[in-house]
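Note: hydrogens, waters and symmetry copies are ignored here, and every other heavy atom, side chains too, is used. It should be emphasised that the depicted structure is a prediction, and the values quoted were computed from it without experimental measurement.
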Amino acid sequence: MEKFLKEMTNGEYAIVDSKTVILLDKDADFTVCFTFDPDSDVVVRIRFRSDDTMETKVNISTDAETNLITLTCINYENTMEFCSSDPIYLGKYHGKDLYLNFWVNSAGYDSMKKITYTLYKEL
């Protein structure tokens with residue numbers, strides 16, 4: 001069987017990967033590993049937390065040793081849907097910028113979450 005190859009672009013960016021997943025465990029972190037070649041990968045973890053401020057925000061932390069980028073979504077439990085307002089810069093791969101957008105939907109308070117993400121690479 002022949003392999004079907006596709007290329008998707010948006011402006012000056014290639015769409016490297018785009019998927020939708022439904023989280024079985026609504027309280028667990030969502031982790032995806034993007035492997036660009038055998039020696040290069042980036043792990044993105046999306047976690048959901050709450051605090052007493054009621055302010056919704058996304059905190060970004062990175063660990064260069066493990067290539068782990070953690071996106072902590074604060075106070076989104078009561079939100080039916082939200083998305084990253086701007087693409088999140090992940091770093092460079094072979095001199096090209098990488099960005100991630102994500103969108104989260106839920107059926108209501110304290111219910112399962114659906115995450116849609118897209119990974120972009122500068123052309």
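Distance CZ/Phe30 to CD1/Ile46: 6.0 Å, rounded to 0.5 Å. One distance of note links OG1 of Thr31 with CZ of Arg45; it measures 4.5 Å at 0.5 Å rounding.
Remark: Lys121 fails to qualify as a cation-pi partner of Tyr93 under the 6.0 Å distance and 45° angle criteria applied to the six-membered ring.
Phe102 and Ile74 fall into different hydrophobic clusters, defined by Ile, Leu, Val, Met, Phe, Trp and Tyr side-chain heavy atoms under 4.5 Å apart, directly or through other members. With hydrophobic clusters built from ILVMFWY side chains whose heavy atoms lie under 4.5 angstrom apart, Val21 does not share a cluster with Val43. Put simply, Leu23 and Leu100 are part of the same group of oily side chains (I, L, V, M, F, W, Y) that touch within less than 4.5 Å, one to the next.
Without hydrogens or angle criteria, Asn75 side chain to Asp51 main chain gives a donor-acceptor distance under 3.5 Å. Under the 3.5 Å distance criterion, the side-chain polar atoms of Thr53 are matched with a main-chain donor or acceptor of Glu55. At distances below 3.5 Å, at least one donor-acceptor pair connects side-chain atoms of Asn67 with backbone N or O atoms of Asp41. Panel note: side chain Thr70, backbone Thr62; no donor-acceptor pair is recorded below 3.5 Å. Side-chain atoms of Glu122 never come within 3.5 Å of backbone atoms of Lys96 as a donor-acceptor pair (strictly under, hydrogens ignored).
With a 6.0 Å radius and a threshold of 12 heavy atoms from other residues, nucleotides or ligands, Lys114 has its NZ atom at or below the threshold.
Classified by interplanar angle (parallel below 30°, tilted 30° to 60°, perpendicular above 60°), the ring pair Tyr117/Phe34 is perpendicular.
Put simply, the side chain of Asn101 does not reach to within 4.5 Å of the side chain of Leu119, judged on heavy atoms. Here the side chains of Ile88 and Leu71 are in contact, with some heavy-atom distance below 4.5 Å. Side-chain contact between Asp29 and Phe48 is absent, with no heavy-atom pair separated by less than 4.5 Å. Residues Met112 and Ile22 have side chains in contact (heavy-atom distance under 4.5 Å, counting atoms from C-beta outward). Residues Ser61 and Thr72 form no side-chain contact, since every pair of their non-hydrogen atoms from C-beta on lies 4.5 Å or further apart.
Here Tyr89 is tied into one hydrophobic group with Met8, Tyr13, Ile15, Tyr99, Tyr120, each link being a pair of ILVMFWY side chains closer than 4.5 Å.
Qualifying side chain to side chain contact (heavy atoms under 4.5 Å, CB included) partners for Val42, counting only residues two or more places apart in sequence or in other chains: Phe36, Val44, Ile69. With sequence neighbours excluded, the residues that form a side-chain hydrogen bond (donor to acceptor under 3.5 Å, both in side chains) with Thr66 are Asp63.
Listed here is the closest heavy atom pair of Leu123 and Gly11: CD1-O, 3.8 Å.
With salt bridges taken as basic N to acidic carboxylate O contacts below 4.0 Å, one links Lys19 and Asp17.
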